[in-house]
Number of protein chains: 2
Amino acid sequence: MVSTEHTSKQFDAELEAVRARVLQMGGLVESQIRLAIEALVSGDVPLMNRIINDDHRVNAMEVEIDESCNQIIARRQPAAGDLRMVMTVIKTITDLERIGDEAEKIARMGKLLAQRNSLILPRYTEIKHAAELALDMLRKSLDAFARLDLAYAAQVVRQDELVDEEFRTIMRYLITFMMEDPRTISTALEILFVAKAIERIGDHAKNMSEYVVYMVKGKDVRHVTVEEIEREVLE
Amino acid sequence: MVSTEHTSKQFDAELEAVRARVLQMGGLVESQIRLAIEALVSGDVPLMNRIINDDHRVNAMEVEIDESCNQIIARRQPAAGDLRMVMTVIKTITDLERIGDEAEKIARMGKLLAQRNSLILPRYTEIKHAAELALDMLRKSLDAFARLDLAYAAQVVRQDELVDEEFRTIMRYLITFMMEDPRTISTALEILFVAKAIERIGDHAKNMSEYVVYMVKGKDVRHVTVEEIEREVLE
């Protein structure tokens, strides 16, 4: 817990249960992303369908955790650090749900790519690399949330620049590809949307890390520079 | 107010002030989008720079309203409809802030398009049409919030399908363009990202309308079909 102002053991247990559910939801979302990239690379359409069908599980967890937070606020009237924790959870699950949507989008693009009798066989080397980075950010932001670890949170914010740079690299490479052979344009655009989904996963992980700084420090760092966040974290 | 359980006039005034600020923030974001499209179509780089520089105003409003909501929760301990209203505000401002980011992205793409000695002079007919739709959704979702108007909210959810369809139309048209003349690929991709930003504005407006249904009905409709939302609203 961030603060220990409350005395009720039951209240502690409720907060702990909500935190545990957020980490479970994070685990599910991480797995959806990992599977979506695996399915994309291997062209595994049944796996893509499973990922698309499983998105409702992520959505259901968001609704359930949101409802728990509302009940905690209404019944327990949390203050200070406890309230910040609940608010952080409410924002975090919105980003987790949207990461889940990106997994679904990657699976849908994967289906288009698998079904197209493609003229190029994409190697996905760069996509895999960008996805590893985004997954690392997601894991670190969940760890930062679990352990109130600001050093991890600051790392994630810094890493987001790398994912953005990866996206630009992939885009340049796809443009070259399209210009050399215009028949690859549709395929290249589908890969571009996969790259965009990965870039957005990085954005959401960054948001989550910024909420952790708010939760621990009580300071809103969503719209400040990386350098300011690093300074805040070191203080 | 959704409920009248609280008795304090001061509390009423605080809730009313927060609602008014959300509508102000919505007005600012709407203006940012409108100006971004105007600047794009006319190639007005100074206006694009102004839009990019003004994004911090949207961010500052998000932080300020968020802080007001936290204070209301901590001090006033709202319940039932009042709590739902505060929670709706917290979620709504996140979407409004991200719509602001899309305005900034459109302005940045506009700068690239204006600075490129373009081989094609885009007419932007389809982009303007899609943007009008998305702006209409944004206005309606703000009206739905202001007046607790569920009919408007349901309309917005339905309109999101139209914006998605517009996006697909623009994409098909750009693919044809790129295939006919590969020298237009970079320009076409920039226009595609503008179309994507407009599609995302529609998504955010849809989110906001779903929160209004939650605020009024106490029912979470984020992950149900349009038909179910329409049924819920008519009940």
Side-chain angles (χ1 to χ4, degrees), chain A residues 55-64 66-67 69-71 73-80 82-84 86-87 90-91 93-95 97-98 100-101 171-172 174-186 188-190 192-193 196 200 203 207 211 214 218-224, chain B residues 55-64 66-67 69-71 73-80 82-84 86-87 90-91 93-95 97-98 100-101 171-172 174-186 188-190 192-193 196 200 203 207 211 214 218-224:
Chain A
D55 186 51
H56 75 95
R57 291 174 56 205
V58 177
N59 297 345
M61 288 186 89
E62 183 197 15
V63 171
E64 179 222 301
D66 215 18
E67 186 53 34
C69 288
N70 285 349
Q71 285 182 10
I73 291 174
R75 283 199 250 146
R76 300 292 180 180
Q77 298 158 354
D82 292 330
L83 179 56
R84 288 205 303 275
V86 175
M87 293 321 236
I90 288 171
K91 287 175 198 285
I93 57 177
T94 305
D95 283 282
E97 190 272 331
R98 292 185 187 163
D101 288 344
M171 188 166 72
R172 277 192 297 269
L174 290 170
I175 289 175
T176 313
F177 224 88
M178 288 188 267
M179 292 187 86
E180 279 171 10
D181 184 353
R183 290 172 303 171
T184 65
I185 287 174
S186 292
L189 286 184
E190 282 148 13
L192 185 64
F193 287 133
K196 191 75 193 161
R200 296 194 56 77
D203 289 343
N207 292 341
Y211 307 147
Y214 167 75
K219 185 163 172 181
D220 196 323
V221 294
R222 279 175 293 185
H223 307 299
V224 305
Chain B
D55 186 52
H56 76 94
R57 290 174 57 204
V58 177
N59 297 344
M61 287 186 90
E62 183 196 15
V63 171
E64 178 222 301
D66 214 17
E67 185 54 34
C69 288
N70 285 348
Q71 285 182 9
I73 292 173
R75 284 198 249 147
R76 300 291 180 178
Q77 299 158 353
D82 292 330
L83 179 56
R84 288 206 302 275
V86 175
M87 293 323 235
I90 288 171
K91 287 176 199 284
I93 57 176
T94 306
D95 283 281
E97 190 272 329
R98 292 186 189 164
D101 288 344
M171 189 166 72
R172 278 193 297 269
L174 290 170
I175 289 174
T176 312
F177 223 88
M178 288 188 268
M179 291 186 86
E180 278 170 11
D181 184 354
R183 289 172 303 171
T184 64
I185 286 174
S186 292
L189 286 184
E190 282 149 12
L192 185 65
F193 287 134
K196 191 77 193 159
R200 296 194 56 76
D203 289 343
N207 292 340
Y211 307 148
Y214 166 75
K219 185 162 173 181
D220 196 323
V221 294
R222 278 175 294 186
H223 307 299
V224 304

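Order of the sequence lines fixes the chain letters, A, B, ..., with proteins taken first and strands second; residue numbering starts at 1 for each chain.
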Nearest 0.5 Å please: distance from the [atom1] atom of [X] over to the [atom2] atom of [Y].
X	Y	atom1	atom2	answer
A:R98	B:D203	CZ	CG	8.5 Å
A:L189	B:L174	CG	CG	9.0 Å
A:S186	B:R172	OG	CZ	11.0 Å

Counting only heavy atoms closer than 4.5 Å, note whether [X] contacts chain B via side chain, backbone, both or neither.
X	answer
A:M87	side chain
A:D220	side chain
A:D55	neither

Step-by-step side-chain contact (heavy atoms from CB on, under 4.5 Å) determination, B:F193 to A:L192: CA-CA 11 Å; B:F193 287 134; A:L192 185 64; 4.0 Å; yes

Do A:V63 and B:H223 have side chains that get closer than 4.5 Å, going by heavy atoms? yes

Counting heavy-atom pairs under 4.5 Å to chain A, which of B:E67, B:E62, B:R75, B:E180 comes out on top?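 Option with the greatest count: B:E62.
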
Could you give me the CA-CA distance, side-chain angles and deciding distance for A:R222 and B:E97, then say whether salt bridge (Lys or Arg N to Asp or Glu O under 4.0 Å) is met? CA-CA 11 Å; A:R222 279 175 293 185; B:E97 190 272 329; over 6 Å; no

Which atom names give the shortest non-hydrogen contact between A:T94 and B:K91, and what distance separates them?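 It is OG1-NZ, 4.3 Å.
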
Non-hydrogen atoms of A:L83 and B:N70 that approach each other most closely: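 Heavy atoms of A:L83 and B:N70 come nearest at CD2-O, 3.6 Å.
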
Taking only residues two or more places apart in sequence or in another chain, which ones pass salt bridge (Lys or Arg N to Asp or Glu O under 4.0 Å) with B:E190?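 Residues passing salt bridge (Lys or Arg N to Asp or Glu O under 4.0 Å) with B:E190: B:R116.
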
List the steps, then state whether salt bridge (Lys or Arg N to Asp or Glu O under 4.0 Å) holds for A:R200 with B:D101. CA-CA 13 Å; A:R200 296 194 56 77; B:D101 288 344; over 6 Å; no

Partner chain B: residue of A:I175, A:D66, A:I90 with the largest heavy-atom pair count (under 4.5 Å):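 Answer, by heavy-atom pair count under 4.5 Å with chain B: A:D66.
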
